[in-house]
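Note on naming: letters A, B, ... go to the chains in the order of the sequence lines (proteins, then strands), and numbering restarts at 1 for each one.
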2 protein chains.
Amino acid sequence: MRIGELAALAGTSPRALRHYEAQGLLTARRATNGYRDYGEHDLRLVAEIRSLLAIGFSLEDTRPFLDCLRAGHERGDTCPASVAVLHRKLAEIDGYLGRLQAVRAQLAEAIDRTTTYPNRAAAHPNRADYPEENPCPRQEPSATEAGPPTCC
Amino acid sequence: MRIGELAALAGTSPRALRHYEAQGLLTARRATNGYRDYGEHDLRLVAEIRSLLAIGFSLEDTRPFLDCLRAGHERGDTCPASVAVLHRKLAEIDGYLGRLQAVRAQLAEAIDRTTTYPNRAAAHPNRADYPEENPCPRQEPSATEAGPPTCC
DNA sequence: CTAAACGCTGACGTTGGTGTCAAGGCAAGT
DNA sequence: ACTTGCCTTGACACCAACGTCAGCGTTTAG
């Protein structure tokens with residue numbers, strides 16, 4: 001199967017597949033004319049990449065999962081290296097969740113204040129409205145329909 | 001007060017302040033030698049920008065808050081345009097939270113599976129490990145200590 | 001036979017908020 | 001006078017996962 005077909009089956013683009021190859025995540029046999037030639041197994045690999053990207057993994061983080069699949073496992077998340085990534089990601093997400101919830105609380109309070117005391121000035125003049133805290137993920141992948149500030 | 005002093009007081013860099021000016025968020029008088037000259041009020045404006053950036057706002061989203069302060073209000077979040085941004089951000093965050101929690105659940109389940117059934121293959125061979133879903137924020141600002149995948 | 005549709009490589013563009021460097025002007029201490 | 005340190009503008013670098021275009025060869029349908 002050629003790159004366009006694989007891309008279509010995986011719901012992505014030839015450019016993306018070449019990018020994965022450039023990152024060493026995917027390899028392809030070459031036909032005599034130089035065209036990349038993929039097999040069924042490669043569809044599974046690309047599907048793994050896409051599904052992990054969709055939940056906020058970086059390409060680099062998908063590597064252990066692909067190695068796991070190539071090692072013959074039916075799932076990419078059963079190998080030790082994959083599990084390690086899962087744990088790290090879970091910890092990251094918990095961090096994001098905590099910060100996001102803190103920010104959410106700040107915003108909700110600010111909104112509540114303006115709706116409860118409209119046109120009324122607050123107590124501490126020269127203080128910034130929003131202390132510090134510090135919220136969430138940076139650059140987490142996106143859904144194709146979620147708009148610009150897509151996802152983690 | 002010159003740019004270096006304001007930057008130090010606000011805990012940021014001259015480069016950042018020039019960037020805010022380039023974006024039309026900050027203005028400065030000029031001394032006869034061409035140096036930017038800031039007043040006390042500008043520190044308040046920069047503090048507002050920094051605190052909003054820290055909780056995941058884009059520079060553009062801080063604009064209504066700055067306008068609000070310049071209009072003479074003691075807080076930047078009391079004007080209608082600011083409140084509108086607050087509502088939008090709250091909605092975004094709720095979206096992120098929902099997706100992050102869904103992803104968290106997926107990861108936790110995957111980890112649980114590997115620890116509960118070690119070395120045991122799963123049921124559906126050719127299915128991707130992680131369906132689809134789709135998680136959270138992209139490119140949310142960062143804390144100075146949170147590391148690479150900083151924050152929302 | 002020809003044109004459309006595909007494939008190839010290489011390279012630059014995108015997004016945001018800066019960091020960093022270049023090449024110069026200005027101010028103050030010794 | 002000279003050095004040091006601040007300031008100025010302008011421009012390129014960064015990160016990630018591609019999009020897009022250029023310039024070229026290949027395959028395939030008509």
task: Can you tell me the distance, in whole Å, between the CG atom of A:Leu26 and the P atom of D:dC18?
output: 12 Å

query: Would A:Leu25 end up clustered with A:Leu6 when hydrophobic side chains under 4.5 Å apart are linked, directly or stepwise?
result: yes

task: Could you check A:Glu21 against B:Arg50 and say which one's nearest nucleotide on DNA chain C is further toward the 5' end?
output: A:Glu21

task: Using atom OH of A:Tyr38 as one end and atom P of C:dC8 as the other, report the distance to the nearest whole Å.
output: 7 Å

query: To the nearest Å, how far apart are B:Ile55 CD1 and C:dG17 P?
result: 14 Å

message: In whole Å, I'd like the distance from the CD1 atom of A:Ile49 to the C1' atom of D:dA16.
response: 15 Å

- prompt: To the nearest 10 degrees, how far apart in direction are the end axes of the helix from C:dC1-D:dG30 to C:dT30-D:dA1, each fit to five base pairs?
  reply: 30°

query: Taking all atoms of both residues into account, what is the closest heavy-atom pair of A:Val46 and A:Ala10, and its distance?
result: CG1-CB, 3.4 Å

- prompt: Does B:Arg36 put a side-chain nitrogen or oxygen below 4.0 Å from OP1 or OP2 of D:dT9?
  reply: yes

query: How does protein reach along nucleotides 25-30 of chain D, written 5' to 3' as B (base within reach of a heavy atom under 4.0 Å), S (only sugar-phosphate), or - (no contact)?
result: BBS---

query: Between D:dA17 atom P and A:Arg63 atom CZ, what is the distance in whole Å?
result: 11 Å

- prompt: Which atoms form the tightest heavy-atom contact between B:Arg63 and B:Gln23, and what is the distance?
  reply: NH2-O, 2.9 Å

query: Between B:Leu26 and B:Leu43, is there a shared hydrophobic cluster once you connect ILVMFWY residues whose side-chain heavy atoms come closer than 4.5 Å?
result: yes

Protein-nucleotide distance (B:Glu5, atom CD; D:dC7, atom P), rounded to Å: 9 Å

message: Give me the atom names and distance for the closest heavy-atom approach of A:Arg75 to A:Arg44.
response: CA-NH2, 4.2 Å

Chi angles and distances behind the salt bridge (Lys or Arg N to Asp or Glu O under 4.0 Å) call for B:Glu21, B:Arg30: CA-CA 13 Å; B:Glu21 182 177 319; B:Arg30 293 302 182 119; 3.4 Å; yes

task: Provide the closest heavy-atom pair for B:His73 versus B:Cys79 in the form atom of the first, atom of the second, distance.
output: CD2-SG, 3.4 Å

- prompt: Can you tell me how far the CZ atom of A:Phe57 sits from the CG atom of A:Leu86, to the nearest 0.5 Å?
  reply: 5.5 Å

message: Using a strict heavy-atom distance below 4.0 Å, which residues from residues 9-20 of chain B are in contact with DNA chain D?
response: B:Arg15, B:Arg18

statement: For A:Ile3 and A:Pro14, the nearest pair of non-hydrogen atoms, with its separation, is CD1-O, 3.5 Å

Side chain of A:Arg30 - closest among D:dA17, D:dC18, C:dC8: C:dC8

task: Begin with the C-alpha distance, continue with both residues' side-chain angles, and end with the deciding distance and a verdict on side chain to side chain donor-acceptor pair (under 3.5 Å) for B:Arg50 and B:Tyr20.
output: CA-CA 11 Å; B:Arg50 300 303 295 180; B:Tyr20 302 155; 2.6 Å; yes

- request: Nearest whole angstrom, please: distance from the P of D:dA17 to the CZ of A:Phe57.
  value: 13 Å

message: Check this for me: does any side-chain nitrogen of one of B:Glu92 and B:Lys89 sit under 4.0 Å from a carboxylate oxygen of the other?
response: yes

message: How many whole angstroms separate atom CD of B:Gln23 from atom P of C:dT15?
response: 13 Å

